[in-house]
Amino acid sequence: MMEYVLILFIGCVAGVVTGLIGASGVMVVVPALVILGYATSDAIGASLFIDTIASLVVAWTYYQNKNLNLKQGIWIAIGSVGGAQIGSLISPLIPDVGLSSAFSIFLVITAVIFWFKGAKGGAPDLNNNVATQQSSILKLLRSNVIISGLLLGILVGIISGLLGAGGGVMILLILVFVMQYSMHEGIGTSTLIMAFTAASGTIGHAISSNLPLKAAIYGAIGTLIGGRFAARFANKVNEKVLSKVVGGVFGVLAVIMLIAR
């Protein structure tokens with residue numbers, strides 16, 4: 001019984017992570033379940049199930065607060081599906097050494113970006129030449145929502161297929177800094193996109209019998225509580241505060257991953 005109480009707590013923490021930053025709880029759930037004695041494949045299956053529930057609950061909460069916008073997001077979602085398959089095919093050809101550390105460094109950079117956004121009300125200052133070039137690129141990407149969404153989605157999918165995580169993080173970055181979504185809209189939309197991806201993965205693991213249903217259900221109950229609570233809090237704070245919260249959580253996750261590594 002104690003094991004399932006722990007899984008309930010793990011699910012709650014994963015829900016808080018998703019509700020606050022729109023990212024997958026895989027970084028919390030998989031290591032914790034492996035420590036509890038589950039096989040890695042089973043832990044990933046349970047994590048995907050928990051992610052599906054967390055993402056749906058969080059996305060619904062953001063929708064209730066009018067912070068869900070799929071106008072550009074839907075094309076990123078479609079592109080990421082194909083990109084993930086490409087990344088999955090390439091992944092076995094690349095050595096595992098350094099991938100975990102690389103993802104941790106990516107989280108650190110992301111944490112700094114969002115922290116500065118919250119502190120200054122925008123992205124970190126750039127010199128005039130770089131700012132002009134950046135502006136031109138962004139205008140080009142925004143000029144055709146469908147093509148840019150598909151291309152960016154494919155890129156996200158490839159990287160996610162290689163690392164096995166990070167889709168939600170990268171989708172959030174694209175929505176906020178490229179598509180000019182507000183932080184609230186970015187988190188709400190990225191979680192809905194994640195829900196479809198996680199659901200697809202869950203089905204695959206269920207077919208291959210790598211889904212410990214009891215553990216997944218207990219974790220999902222926990223994520224209902226944590227995700228709903230965190231999402232309601234996130235929707236009540238202003239953009240600057242939310243950006244700093246997002247940056248802080250990313251920083252903590254990066255440190256945990258580096259220590260665990």
To the nearest 0.5 Å, tell me how far [X] [atom1] sits from [Y] [atom2].
{"X": "I217", "Y": "F49", "atom1": "CD1", "atom2": "CZ", "value": "5.5 Å"}
{"X": "L175", "Y": "N69", "atom1": "CG", "atom2": "CG", "value": "8.5 Å"}
{"X": "L211", "Y": "L48", "atom1": "CG", "atom2": "CG", "value": "9.0 Å"}
{"X": "T191", "Y": "N67", "atom1": "OG1", "atom2": "CG", "value": "10.5 Å"}
{"X": "I147", "Y": "W75", "atom1": "CD1", "atom2": "CH2", "value": "10.5 Å"}

Can you tell if the side chain of [X] reaches within under 4.5 Å of the side chain of [Y], non-hydrogen atoms only?
{"X": "M194", "Y": "D51", "value": "no"}
{"X": "E185", "Y": "L68", "value": "no"}
{"X": "L155", "Y": "L151", "value": "no"}
{"X": "W60", "Y": "R228", "value": "yes"}

Show the atom names and distances, to 0.1 Å, of all donor-acceptor pairs under 3.5 Å that link a side chain in residues 6-18 to residues at least two apart or in another chain.
from, atom 1, to, atom 2, distance (Å)
T18, OG1, A14, O, 3.2
T18, OG1, A23, O, 2.9

Shared ILVMFWY cluster between [X] and [Y], side chains joined below 4.5 angstrom?
{"X": "V241", "Y": "Y62", "answer": "yes"}
{"X": "L242", "Y": "V176", "answer": "yes"}
{"X": "Y218", "Y": "L213", "answer": "no"}
{"X": "L192", "Y": "I171", "answer": "yes"}

Side-chain donor/acceptor of [X] to backbone N/O of [Y], under 3.5 Å:
{"X": "H184", "Y": "A234", "answer": "yes"}
{"X": "N238", "Y": "K240", "answer": "yes"}
{"X": "T223", "Y": "G219", "answer": "no"}
{"X": "Y4", "Y": "K214", "answer": "no"}
{"X": "D42", "Y": "Y38", "answer": "no"}
{"X": "S47", "Y": "V29", "answer": "no"}
{"X": "Y181", "Y": "I187", "answer": "no"}

Inset, instruction - Could you list the residues that satisfy ring-ring contact (aromatic ring centres under 6.0 Å, His included) with F229, not counting sequence neighbours? - result: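 Per chain and number, F229 pairs via ring-ring contact (aromatic ring centres under 6.0 Å, His included) with no residue.
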To check you understand the geometry: which heavy-atom pair defines the closest contact between [X] and [Y], and what is its length?
{"X": "G19", "Y": "V58", "result": "CA-CG2, 3.6 Å"}
{"X": "G227", "Y": "V57", "result": "C-CG1, 4.4 Å"}
{"X": "T52", "Y": "A199", "result": "OG1-N, 3.2 Å"}
{"X": "I50", "Y": "A216", "result": "CG1-O, 3.7 Å"}

Inset, instruction - Go through L20 and F233 one step at a time and tell me if the side-chain contact (heavy atoms from CB on, under 4.5 Å) criterion holds. - result: CA-CA 8 Å; L20 286 179; F233 165 77; 3.7 Å; yes
